[in-house]
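Heads up, the thing below is written out as structure tokens.
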Amino acid sequence: MSALSTIRTHPEELKRAIETRNKPYPDVDELVRLDTECRRMAGEVNALRATRNERGRALAEAKKKGGSAADEGVARELALLRDSIAEQEEALQSLEEKRDALVLLMPQVPHASVPVGRDARDNVVVREVASTVATIAHPKPHFVIGPELNIIDTERGAKVAGEGFYFLVGDGARLEMALVNFMRESHRQRGYTEVLPPILVSRDSMVGTGQLPKFAEDSYNTVLDDLWLIPTAEVPLTNLYRDEVLLGTDLPLKVMGFTPCFRREAGGHGVETRGIARVHQFNKVELVQFSHPEKSYEQLELLLADAEAIVKALGLRYRILNLCTGDLPDKAAKCYDIELWAPGAERWLEVSSVSNFEDYQSYRAGIRFRDQQSAKPEFVHTLNGSGTALARLMIAVVETWQTSEGAIEIPPVLRPAFGGQERLAPTRLVGERELGRGRRGWTAG
RNA sequence: GCUGAGGUAGCCUAGCCUGGGAAGGCGCCAGCCUUGAAAGCUGGUGGCGGCGACGCCUCGGGAGUUCAAAUCUCCCCCUCAGCGCCA
């Protein structure tokens with residue numbers, strides 16, 4: 001049920017849903033009142049236009065037979081009618097704009113299986129899975145071992161781009177790309193079509209997936225062209241089929257895409273941001289599905305399994321949360337988070353959000369499907385899941401696969417990408433900064 | 001970036017000069033015919049409102065002229081071709 005028709009048919013359900021979300025939203029009653037008024041006015045304008053069209057056609061007929069003074073009178077009369085139509089149309093338009101702006105701020109109705117709760121503390125752990133790696137007692141956090149091995153360089157990242165940016169170097173970069181390629185191949189085998197999308201998108205696309213208008217301050221944009229740097233590949237992948245009608249027999253459509261993601265993360269500083277757990281740019285493999293509404297919750301479970309397969313194959317400790325109503329994003333009807341355990345930093349890291357948006361996005365982006373040629377197009381359900389986010393995945397790998405000698409073992413599934421190499425090699429290119437004056441240039445690895 | 005040609009319903013196309021209910025074809029759907037199918041014939045096939053007869057909106061988007069705009073004027077977007085620039 002799309003936002004506007006939910007407002008018309010189930011305002012009470014929407015009201016209850018909003019209450020469980022425990023955040024402020026526009027007043028439903030006000031919205032219903034606005035919508036009713038819009039429809040009443042539309043009817044009036046409609047009737048006026050009918051009169052204008054009818055009289056106008058009669059005038060054309062009369063003119064064909066030769067004009068007269070009477071026709072001039074009709075024309076003057078119609079000019080007045082035109083002005084009052086214009087006036088009414090203007091009023092209607094501003095009312096509709098007001099209504100539509102409110103509709104865009106309305107959240108999705110949570111699914112019945114979503115636990116009711118006030119905030120993140122009420123999220124429900126669906127399951128927790130232990131690491132299959134023999135982890136050492138006290139592994140170093142990535143922000144210690146990363147610089148030691150010279151595979152993660154946040155200082156130079158800050159120098160070049162500012163706080164929240166970093167370089168991956170040498171085997172650090174190789175590890176990231178090996179993880180990316182492992183994930184791409186895994187998802188390809190699970191039936192996803194790979195796309196390499198634009199990472200700058202138009203304002204319309206950002207509205208289509210719900211990043212705008214509400215979360216403008218979370219994203220970077222270009223002033224001259226009003227293009228936006230994607231915060232997630234969800235934006236271009238979901239907008240792939242914007243304003244299109246899909247074939248019911250093609251559903252579910254499954255696409256994946258690897259992109260960098262850009263987030264301003266305004267206001268997030270402190271212990272939690274040390275290292276690369278919370279950065280302005282990171283890479284991610286994203287999964288998106290366009291589903292038949294009746295199948296979308298089955299698909300959600302399959303999508304979760306697709307994302308889960310990655311962290312499982314890497315032997316990492318993880319848990320899956322069912323987000324409660326108070327923590328659920330506006331656009332989601334249901335959302336699972338996959339969190340990885342980082343044994344060095346000793347904290348859980350969110351690496352994947354697996355969500356069913358139902359028709360929240362398809363309504364905004366105009367993505368529909370038709371079951372039969374004759375049937376009316378309906379909105380698809382869109383789902384997406386990170387499959388998964390790098391940087392944080394990198395943290396968990398680097399901390400979980402540490403040896404007591406201070407090395408990092410390469411997970412077996414990634415070794416083919418390293419030509420069979422078993423451990424990450426420290427990077428050898430360093431300067432005075434690391435070595436001190438007098439020992440410049442290359443050192444033996 | 002410059003010059004030119006274009007953008008009409010799912011697709012293809014007419015209408016634009018000369019303003020007055022968007023025509024036709026393909027595809028698709030339904031019906032007739034048929035043992036079945038094809039062919040053929042008939043009808044339907046953008047969106048919104050209404051139980052409905054019906055009405056309104058829609059010709060890439062917006063603004064303007066006009067009683068009336070697919071059609072005339074202006075601005076913008078996109079596609080194609082040529083030229084320029086370029087990883």
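None of the values given here were measured: they were computed from a predicted structure. Naming: A, B, ... by sequence-line order, numbering from 1 per chain.
Nucleotides B/rA5 and B/rC75 have their P atoms positioned 15 Å apart, rounded to a whole Å. Of the P atoms belonging to B/rC12 and B/rC51, the separation is 37 Å, rounded to the nearest Å. The C1' atoms of B/rC57 and B/rA69 are separated by 15 Å, rounded to the nearest whole Å. Taking atom P on both nucleotides, B/rA70 is separated from B/rC59 by 7 Å, rounded to a whole Å. Taking atom P in both B/rG10 and B/rU45, the straight-line distance is 13 Å, to the nearest Å.
Picking from B/rG20, B/rG49, B/rU66 the nucleotide with the shortest atom distance to the side chain of A/Arg82 gives B/rU66. Nearest nucleotide to the side chain of A/Lys63, out of B/rC67, B/rG49, B/rG47: B/rC67. Set against B/rC56, B/rG20, B/rC67, the side chain of A/Ala50 has B/rC56 as its closest nucleotide. Proximity note for A/Asn46 (side chain, C-beta onward) versus B/rG49, B/rC56, B/rC67: the nearest is B/rC56.
Looking at heavy-atom distances under 4.0 Å, A/Arg49 makes contact with sugar-phosphate atoms alone, never a base. Contact annotation for A/Arg55: no contact, since no heavy-atom pair falls under 4.0 Å across all strands.
Cation-pi geometry between A/Arg190 and A/Tyr192 is not met: the NZ or CZ atom fails to fall both under 6.0 Å from the ring centre and inside 45° of the normal.
What you find for A/Thr154 and A/Gly275 is that their closest heavy atoms are CG2-O, 4.1 Å. Closest of all the heavy-atom pairs between A/Thr238 and A/Ile367 is O-CD1, 3.3 Å.
Results of the ring-ring contact (aromatic ring centres under 6.0 Å, His included) test with A/Tyr241 over A/Phe290, A/Phe369, A/Phe379 single out A/Phe290 as the only residue that passes.
One interatomic measurement links the two molecules: CG of A/Asp225 to P of B/rC77, which rounds to 11 Å at whole-angstrom precision. In this structure, A/Glu90 places its CD atom 9 Å from P of B/rG64, rounding to the nearest Å. In this structure, A/Asp243 atom CG and B/rG46 atom P are separated by 18 Å, rounded to whole Å.
For the pair A/Asn53 and B/rC57, the criterion of a side-chain N or O lying under 4.0 Å from OP1 or OP2 is met. Side-chain N/O atoms of A/Arg52 include none lying less than 4.0 angstrom from OP1 or OP2 on B/rC67.
Judged by Watson-Crick or G-U wobble contacts below 3.5 Å, the nucleotide B/rU18 has no partner. Pairing for B/rU65 is absent, judged as Watson-Crick or G-U wobble with the two contacts each under 3.5 Å. Using the Watson-Crick or G-U wobble rule with both distances under 3.5 Å, B/rC32 pairs with B/rG40. Under the Watson-Crick or G-U wobble criterion, with both distances below 3.5 Å, B/rG27 is paired with B/rU45. For B/rG1, the paired nucleotide is B/rC83, the pair qualifying as Watson-Crick or G-U wobble because both relevant distances are below 3.5 Å.
Looking at A/Arg82 and A/Glu89, no side-chain N of the basic residue comes within less than 4.0 Å of a carboxylate O on the acidic one, giving no salt bridge.
Comparing A/Arg368 and A/Arg57 by the nucleotide of RNA chain B that holds the closest heavy atom to each, the one mapping nearer the 5' end is A/Arg57. Taking the nucleotide of RNA chain B with the nearest heavy atom to each of A/Pro377 and A/Gln93, the more 5' of the two is matched to A/Pro377.
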